[in-house]
Asks: 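Please see the structure below; I have some questions.
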Amino acid sequence: KIALLHGAHRVGKRTDATMEKWRGYGLGQFIHWGLYAIPGGAWNGKQYNGAAEWIRSWDGIPKSTYDSLNYSFNPTAFDAKAWAKTAKQMGARYVTFTTKHHDGFCLWPSKYTKYTVKNSPYKKDIVKAVVDAYDQEGIDVILYFSVMDWNHPDWRYDIKTKEDSIAFERFKKFTRNQLIELLTNYPTVKGLWFDGTWDKSWVKQAAFADELETEMRRLRPGLIIGSRFRADENGKRHFDSNGVLMGDYEQGWERKIPSKIEDVHGNDWDCVMTVPENQWGYNAAWNGHLKTGTELIEMTARCVSLGGNFVLNFGPKGDGAIRQEEIKLAEEIGDWMKVNQEAIYNCEYAGFDKQDWGYFTRKTGTDKVYMVVFNVPLSGALRIKTPSKTAIKKAYMLADAEESFVPEEISADEYFLHLKKSTNSKPFVIVLETLKATQDNGTKYEKAKI
Ligand SMILES: C[C@@H]1N[C@@H](C(=O)NCc2ccccc2)[C@H](O)[C@@H]1O
C-alpha cells in the first residue's frame with residue numbers, strides 16, 4: 001500500500017441510510033439542458049455530428065456568438081412539473097440535472113458570474129424549479145456540475161506559467177463558491193454528479209479538491225459524491241494509487257455497462273446512458289441507432305442485476321419541451337415498470353450464475369430472487385443454476401402468481417423452468433422464492449420439497 005494524503009478515505013460501500021436508498025433506486029433520469037439546446041447540433045443550417053452539448057468546441061463555431069446565446073435563452077415551453085411527471089410515470093426514482101455544463105452557462109442565478117439564467121430573457125431560477133418539482137413528485141435530485149468551464153476567463157486546461165497558476169487559483173475559489181452556493185440554495189439535493197474533471201489543471205489539485213469534498217460533506221452530511229470529482233496526489237482518478245474507489249460510487253460507466261460482476265469490484269456504481277449513440281444535449285437530427293424501449297428496459301435490468309443504477313438521459317429542446325421520442329420511451333419504460341418494478345427497485349446482484357435468457361436480481365436482504373426474461377430459448381426451458389445450499393421453494397410469474405412452475409431438476413443445483421407456449425412480446429419476470437440452508441448441527445442439508 002502506498003501512503004496517500006489525498007486518496008480514498010473509505011474502503012468498501014457506504015452503509016448509511018442515504019446511500020442505501022441511492023443503492024436501491026434502480027432507475028434514474030439524467031437531464032442535459034442549457035444553451036446548447038438552442039442550436040440543437042446545427043449551426044447556420046449545417047448539422048454537425050459531435051455531441052450537441054459540445055458544439056461550442058467544434059471547428060467553425062464562433063465561440064463569442066455561442067457565448068451570446070444567453071441573450072436568446074427564453075424557454076417558453078419550460079415546465080419543470082411536466083418534466084417531473086414524465087419522470088414519475090417512467091418510474092425514475094432520482095434525477096441528475098445539469099446546473100452548469102462545460103460551456104459555463106449557469107441554470108441558477110449564481111452570484112459569482114454574470115453568465116447565468118438571470119442574464120437571459122428567461123431570468124428565473126431553473127435549478128430551483130426543477131428541484132422543487134422533482135421533490136414534489138418524491139423523486140430525489142442529484143445536481144450535475146462541470147468543473148471545466150469554457151466561459152470563465154480563469155479556466156485553464158493545464159497550468160504551465162505563473163499567470164496560469166494565478167488565474168487557476170481564482171478559478172478554484174470560483175468553483176468552491178459555486179458549489180457551496182448550490183448546496184446552500186438547494187438543501188434538499190442528495191448529491192453532486194461531477195464532470196469535466198479530466199484535464200491536468202484540475203487533476204493537479206488533489207489537496208484542494210480533497211479539502212473541498214470534505215467541506216461539502218460537512219456542509220451536507222450524507223451528500224453523495226462519485227468517483228469522478230477528484231484525483232489523488234499521483235493524478236489517479238476514479239481509483240486511487242492503491243486501487244481503492246474514490247468517492248461513494250463508481251462514475252466511470254458513461255454510455256457503457258459492466259458485463260460481469262467482477263467488473264464492479266464490489267463497489268456501488270451508476271451507468272449514464274444516451275438514447276442515440278452519443279448525444280446528451282438536444283440534437284435536432286438524431287442520427288444512427290436510437291435505443292428502443294425494450295433495449296433500455298434490458299439495460300436497466302442488466303445494471304440492477306450487477307448492483308448498479310441505470311440513468312437514462314433526456315435532452316429537452318431549446319424551448320424547454322421534451323421531444324416526443326423521449327416522451328414515448330418514458331411511457332414505454334413506465335408501462336413495463338408499473339408491472340415489474342418489484343424486480344428493479346431495492347434489488348441487487350443475486351449471486352446466481354448469469355444465464356442466456358436474461359438477468360437475476362435479488363430483493364435486497366431477502367431470499368426473493370427475480371428472473372427478468374428477455375430471450376426465451378426455442379426449448380422454452382429457462383435454465384437456473386442455484387448457488388450451493390440454495391433451494392427453490394416456489395416459482396411463479398410476477399404478473400400472475402397463479403401461473404407457477406415446478407422446477408425440473410436436471411443435475412446438482414441445476415433446474416429447468418418450462419414455459420408454457422406463449423407469445424410474450426415484452427420482457428417478463430418470474431419470482432423465485434428460495435431457501436438458504438441453515439447451518440443446522442451438521443445434519444445433511446435437506447432440499448426443500450417443491
Ligand atoms: C455525462 C457526459 N459527460 C460529458 C463528456 O464530456 N463526456 C466525454 C468524456 C467521457 C469520459 C471522459 C472524458 C470525456 C458529456 O457532455 C455528458 O455531459
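Values below: all heavy atoms of this structure, side chains included; hydrogens, waters and symmetry mates excluded. Remember, it's 1-based here, ligands and their atoms both numbered in the order they're listed.
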Asks: Could you identify the single nearest non-hydrogen protein atom to atom 15 (C) of ligand 1 and state the distance to 0.1 Å?
Replies: E53 OE2, 3.4 Å
Asks: Does ligand 1 come near enough to E254 that some N or O of the ligand is less than 3.5 Å from an N or O of the residue?
Replies: yes
Asks: Does a side chain donor of either Y186 or D125 reach within less than 3.5 Å of an acceptor in the other side chain?
Replies: yes
Asks: Any nitrogen or oxygen of W198, side chain or backbone, less than 3.5 Å from one on ligand 1?
Replies: no
Asks: Which of the atoms in ligand 1, numbered in the order shown and given with their element, are less than 4.0 Å from a heavy-atom of W54?
Replies: 5 (C), 6 (O), 15 (C), 16 (O)
Asks: What I want to know is whether W193 and ligand 1 share at least one N or O pair that is separated by under 3.5 angstrom.
Replies: no
Asks: For D195 and W198, which heavy atoms make the closest approach, and how far apart are they?
Replies: OD1-CZ3, 3.1 Å
Asks: Would Q279 and N287 count as having a side-chain donor-acceptor pair, cut-off 3.5 Å?
Replies: no
Asks: Between V311 and Y94, which heavy-atom pair has the shortest distance, and what is it?
Replies: CG2-OH, 3.1 Å
Asks: Are V272 and ligand 1 in contact, using a heavy-atom cut-off of under 4.0 Å?
Replies: no
Asks: For W108 and E181, does a side-chain donor sit closer than 3.5 Å to a side-chain acceptor?
Replies: yes
Asks: Closer than 4.0 Å to some heavy atom of Y144 - which atoms of ligand 1 meet that?
Replies: 18 (O)
Asks: Do we see a donor-acceptor contact under 3.5 Å between the side chains of T364 and N346?
Replies: no
Asks: Measure the distance from atom 3 (N) of ligand 1 to every protein heavy atom, then report the residue, atom name and distance (to 0.1 Å) of the closest one.
Replies: D195 OD2, 2.7 Å
